[in-house]
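To start, the structure under review is shown below, and the notes come after it.
All heavy atoms count here, side chains included; hydrogens, waters and symmetry mates do not. In the text below, chain A, chain B and the rest are named by the order of the sequence lines, each starting its count at 1.
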Protein chains: 2
Amino acid sequence: MISNSSKYAIKAVLFLAIHSNEENKIMVKDIAEPINVPQAYIAKLLQELAKRKLISSTRGPKGGFYLSSEDKERNVMDIISVIDGEKKINSCLLSLERCNSSNPCPIHHLANQSRIVLIENLKQNSINELALDVKNGKSKLPL
Amino acid sequence: MISNSSKYAIKAVLFLAIHSNEENKIMVKDIAEPINVPQAYIAKLLQELAKRKLISSTRGPKGGFYLSSEDKERNVMDIISVIDGEKKINSCLLSLERCNSSNPCPIHHLANQSRIVLIENLKQNSINELALDVKNGKSKLPL
DNA sequence: TCTAAAATATGATTTAAATCATATTTAAGA
DNA sequence: TCTTAAATATGATTTAAATCATATTTTAGA
């Protein structure tokens, strides 16, 4: 339903939201360890996120990754969509191609509503709001 | 969150609920095709389900798999628990070991309630009830 | 303009899940 | 009791996801 890669990407973006800004960029090697993801792996994901404009980066000395203020207005579903694609999270619990509300599989009504709620919730808060929750003690690190 | 194996197992059990009973057992080869799962793969899963007493089977000529009336009182979560284990579906969306309501990760409150609802729903209906829904046209095949 | 430090691009390797193959055991029926 | 048809047990292979490795490009600062 959600890949490991997406989970790692979400962790990395949240980490950047909490610790970075335009003036304070962070290098891959300083991201990997605190979020418990192998460095070479998170590097690849960060590159993908940067290419797809969900995070920002600059090369060279003093370079690194960070979130611009626009980046911080994104939400968690944006990240999942980029890494996993829309199809994966939107698919029926049994991965049936034809299943939908007018042609429901035998467990459609057990699973569908909660998935819709989940997706809605994942769109509800901006990355910035989630980072503020951490700063206000409403939610906790480490990732 | 839910493995392919669990999805296949659920499909097989629902198929048996709809088409089998003590007097009418079904062979692996007659299950695989209608539920769109490779035969050797579903065979292994059915064997596991039988060993764990979620479905019934007899060997030899006229043998096959079927659901006893007790088997039909099981629910979908029972199947997931046997195939994937409890941990997988109960884990935090970010797979954080420490995340829980009193120590919530940054997206805990976005994801937790819908997961609880999903699990509750998957326990709510017996396999028999789900099969009746199909017979009454409330839900549809194929799987 | 040179050097070093960073991301980027690309592809190789590893691992776990999914899939396949087959010898063994059990039970029905001739 | 023999044969055959079924599940069972076991392990091998394949595939996709996860992970690792490295040459290239860009940029800051000397």
Side-chain angles (χ1 to χ4, degrees), chain A residues 1-12 16 20 22-33 35-68 71 80 82-85 87-88 94-95, chain B residues 1-12 16 20 22-33 35-68 71 80 82-85 87-88 94-95:
Chain A
M1 187 178 182
I2 290 184
S3 70
N4 236 317
S5 290
S6 275
K7 293 177 187 181
Y8 289 172
I10 294 166
K11 296 209 285 182
L16 288 173
S20 82
E22 278 88 344
E23 285 78 44
N24 187 20
K25 294 156 193 168
I26 309 186
M27 293 184 291
V28 172
K29 68 177 160 66
D30 295 324
I31 298 173
E33 196 260 340
I35 66 172
N36 295 300
V37 178
Q39 177 171 335
Y41 193 12
I42 200 61
K44 210 168 196 176
L45 290 172
L46 288 167
Q47 287 165 26
E48 177 72 9
L49 291 169
K51 197 194 303 187
R52 300 289 300 270
K53 307 286 186 191
L54 294 199
I55 69 176
S56 304
S57 65
T58 60
R59 296 181 179 192
K62 306 279 174 176
F65 294 95
Y66 64 100
L67 298 194
S68 67
D71 294 338
I80 295 172
V82 160
I83 302 295
D84 284 348
K87 201 173 176 183
K88 190 164 189 171
L94 294 179
S95 304
Chain B
M1 187 175 181
I2 289 183
S3 70
N4 236 315
S5 291
S6 276
K7 293 176 187 181
Y8 289 172
I10 294 166
K11 296 209 285 183
L16 288 173
S20 83
E22 277 89 342
E23 285 79 44
N24 185 20
K25 294 156 192 168
I26 310 187
M27 293 183 290
V28 172
K29 68 176 160 64
D30 295 324
I31 299 173
E33 197 259 340
I35 67 172
N36 295 300
V37 177
Q39 177 172 335
Y41 193 11
I42 199 62
K44 210 168 197 177
L45 290 172
L46 287 167
Q47 287 164 26
E48 177 72 9
L49 291 169
K51 197 195 302 186
R52 300 290 299 272
K53 307 285 187 193
L54 294 199
I55 69 177
S56 304
S57 64
T58 60
R59 294 184 180 190
K62 305 279 172 178
F65 293 96
Y66 64 100
L67 298 194
S68 68
D71 294 337
I80 295 172
V82 159
I83 302 295
D84 285 347
K87 201 174 177 183
K88 191 165 188 172
L94 294 179
S95 303

Exercise. Please report the closest heavy-atom contact between A:Leu67 and A:Leu54, naming both atoms and the distance.
Key: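 So the minimum-distance heavy-atom pair works out to CD2-O, 4.2 Å.
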Quiz item: If you take all heavy atoms of B:Ile42 and B:Tyr8, which pair is closest and at what distance?
Solution: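 In this case the closest contact between B:Ile42 and B:Tyr8 is CD1-O, 3.8 Å.
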Quiz item: Considering heavy-atom distances to DNA chain D, does A:Ala40 or B:Gln47 have its closest nucleotide positioned more toward the 5' end?
Solution: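 Looking at the nearest nucleotide for each, B:Gln47 comes out on the 5' side.
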Quiz prompt | Residue pair A:Ile80, A:Ile10: steps toward the side-chain contact (heavy atoms from CB on, under 4.5 Å) verdict | solution = CA-CA 8 Å; A:Ile80 295 172; A:Ile10 294 166; 4.0 Å; yes
Exercise. Identify, between A:Lys51 and A:Lys62, the residue whose nearest nucleotide on DNA chain C lies closer to the 5' end.
Key: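 The answer here is A:Lys62.
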Quiz item: Nearest nucleotide by nearest heavy atom, which residue falls closer to the 5' end of DNA chain C, B:Lys44 or B:Lys88?
Solution: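 First, find each residue's nearest nucleotide; the 5'-ward one identifies B:Lys88.
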In whole Å, what is the span from the [atom1] atom of [X] to the [atom2] atom of [N]?
X	N	atom1	atom2	answer
A:Ile31	C:dT8	CD1	P	11 Å
A:Leu46	C:dT10	CG	P	18 Å
B:Leu45	C:dA17	CG	C1'	11 Å
B:Tyr41	D:dT13	OH	C1'	14 Å
A:Ile55	C:dA6	CD1	C1'	14 Å
A:Met27	D:dT26	CE	C1'	16 Å
B:Asp30	D:dA7	CG	P	9 Å
B:Phe65	C:dT26	CZ	P	15 Å

Exercise. Assign A:Ile83 to base, sugar-phosphate, or nothing according to its heavy-atom contacts below 4.0 angstrom with the strands shown.
Key: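 It contacts nothing in the nucleic acid.
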At under 4.0 Å, does any side-chain N or O of [X] touch on OP1 or OP2 of [N]?
X	N	value
B:Ser5	C:dA18	yes
A:Thr58	C:dA6	no
A:Tyr8	D:dT19	yes

Quiz item: Any chance the side chains of B:Thr58 and B:Tyr66 put a donor and an acceptor closer than 3.5 Å?
Solution: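 Side-chain D/A pair, B:Thr58 to B:Tyr66: absent.
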Quiz item: Is the number of heavy atoms from other residues, nucleotides or ligands under 6.0 Å of B:Glu22 CD greater than 12?
Solution: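 Yes - once you tally the heavy atoms of other residues, nucleotides and ligands closer than 6.0 Å, there are more than 12.
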Quiz item: Is there a donor and acceptor pair closer than 3.5 Å between the side chain of A:Arg59 and the base of C:dT8?
Solution: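 Flag unset: no donor-acceptor pair detected.
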Practice problem: Measure from the side-chain heavy atoms of A:Pro61 and tell me the nearest of D:dT19, C:dA7, C:dA5. | Solution: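 So the nucleotide nearest the side chain must be C:dA5.
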